[in-house]
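What you are looking at is a predicted structure, and each value in this text was computed from that prediction instead of being measured. Atoms within a ligand are numbered from 1 in the order they appear, just like the ligands themselves.
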Amino acid sequence: METILVTGACGQLGTELTEELRIRRGTERVIATDINPPNEALKNGPFETLDVLDRSQLMEIIHKHNITRIYHLAAILSAAGEKHPIRTWDINMEGLLNVLEAARESNIKRIFWPSSIAVFGPTTPSVNTPQRTVMEPDTIYGISKLAGERWCEYYNIRYGLDVRSVRYPGLIGWKSLPGGGTTDYAVEIYHKAVENEPFSCFLKSDTCLPMMYMSDAIRATIELLQAPPEKISVRSSYNLSGMSFTPEEIAASIKQTIPEFNIEYAPDERQKIADNWPDSIDDSQARDDWGWKPEFDLKKMTKEMIERLSEKNQAAVPE
Ligand code: SER
């Protein structure tokens, strides 16, 4: 029986991944941790406050709960990272090294750590970006993720640690909100649409980025972690693809259901980050190695996002 630790559990991915792991593994077997207090969704199970920069606190929690597996999600995303580069490096890098070292010194068998499309940069081929290609990221977030990938592979080769990772595209879900990312617009746009409000987009209308619906992202993560070790040929991080679209295309797909929806464009500093990321990703290695296949395209995601957010809004209206 595994006992799982999730860091950054209050984040966009952490909230949903913790929920799913608790359903599959048993609530008491999944210890949620975050530097912030637990959100509503996490209150049904064990929670510990954890600053991932505090190695002794991390070790204490690992020993207290006899942790055997870690999902290390705590990080600062791309746009927020540009505001505080050194702090971002510390949290993203030292945090990962603390987890890798803690794993080496304890009974941790397997680690999941998310990388990102941000590992790519302006010199990377942007269409169908291959698994192995030029990587010259120019955000501190991307630099920390690329360095992190090298560390993960190093710990696998040098210490035999079973570290697994995917390069997530922008993640879109209705249960939790992202914070500080360049792909965040694709979540906020649905919230505005169901609230019948206009949306001001911080990217240009034709900026194409790789994206993924949250249930596909959760399933990819779980399937990767379930795969037998001999199937995992990539120990840095797997390319992972769901769909690609521009703000104009997501707005058009929303208008199919909400014709009066209005979008305007006011690109800010995040445009430069988006311009240097791929348009689309070749994830054939993940498909070949552990059978990855996405289920959601833009149309299917829009339908589900609008339905779920509308239900949520209605449930929130007082009688
Ligand atoms: N969604 C992230 C961001 O925009 C990319 O990994 O920063």
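- Taking 4.0 Å as the cut-off, Thr183 counts as a neighbour of ligand 1 on heavy-atom distance.
- Thr68 and Glu2 are linked by a side-chain donor-acceptor pair at a separation below 3.5 angstrom, with hydrogens and angles left out of the test.
- Listed by number with element, the atoms of ligand 1 under 4.0 angstrom from any heavy atom of Leu77 are 7 (O).
- Among all protein heavy atoms, the one lying closest to atom 7 (O) of ligand 1 is Ser78 OG, 2.6 Å.
- Looking at Glu295 and Ser215, their side chains never bring a donor and an acceptor atom within 3.5 Å of each other.
- Side-chain contact of Tyr168 with Thr221: a donor-acceptor pair under 3.5 Å is present, judged by distance alone.
- Residue-level proximity to ligand 1 for Tyr185 is absent, since no heavy atom of it falls below 4.0 angstrom.
- For Tyr238, the ring pair (Phe, Tyr, Trp, His ring centres under 6.0 Å) partners are Trp290, not counting sequence neighbours.
- Geometrically, ligand 1 and Tyr141 share a nitrogen or oxygen pair separated by less than 3.5 Å.
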Which atom pairs, one a donor and one an acceptor, fall under 3.5 Å between side chains of residues 259-267 and the rest of the protein, sequence neighbours left out?
none

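- Scanning all heavy atoms of the two residues, the minimum distance from Phe47 to Cys10 falls at CE1-SG, 4.3 Å.
- Shortest contact from atom 4 (O) of ligand 1 to any protein heavy atom: Thr182 N, 2.6 Å.
- Atoms of ligand 1 lying under 4.0 Å from at least one heavy atom of Trp277, given by number and element, are 3 (C), 4 (O), 5 (C), 7 (O).
- Protein heavy atom at the shortest distance from atom 5 (C) of ligand 1 is Ser116 OG, 3.4 Å.
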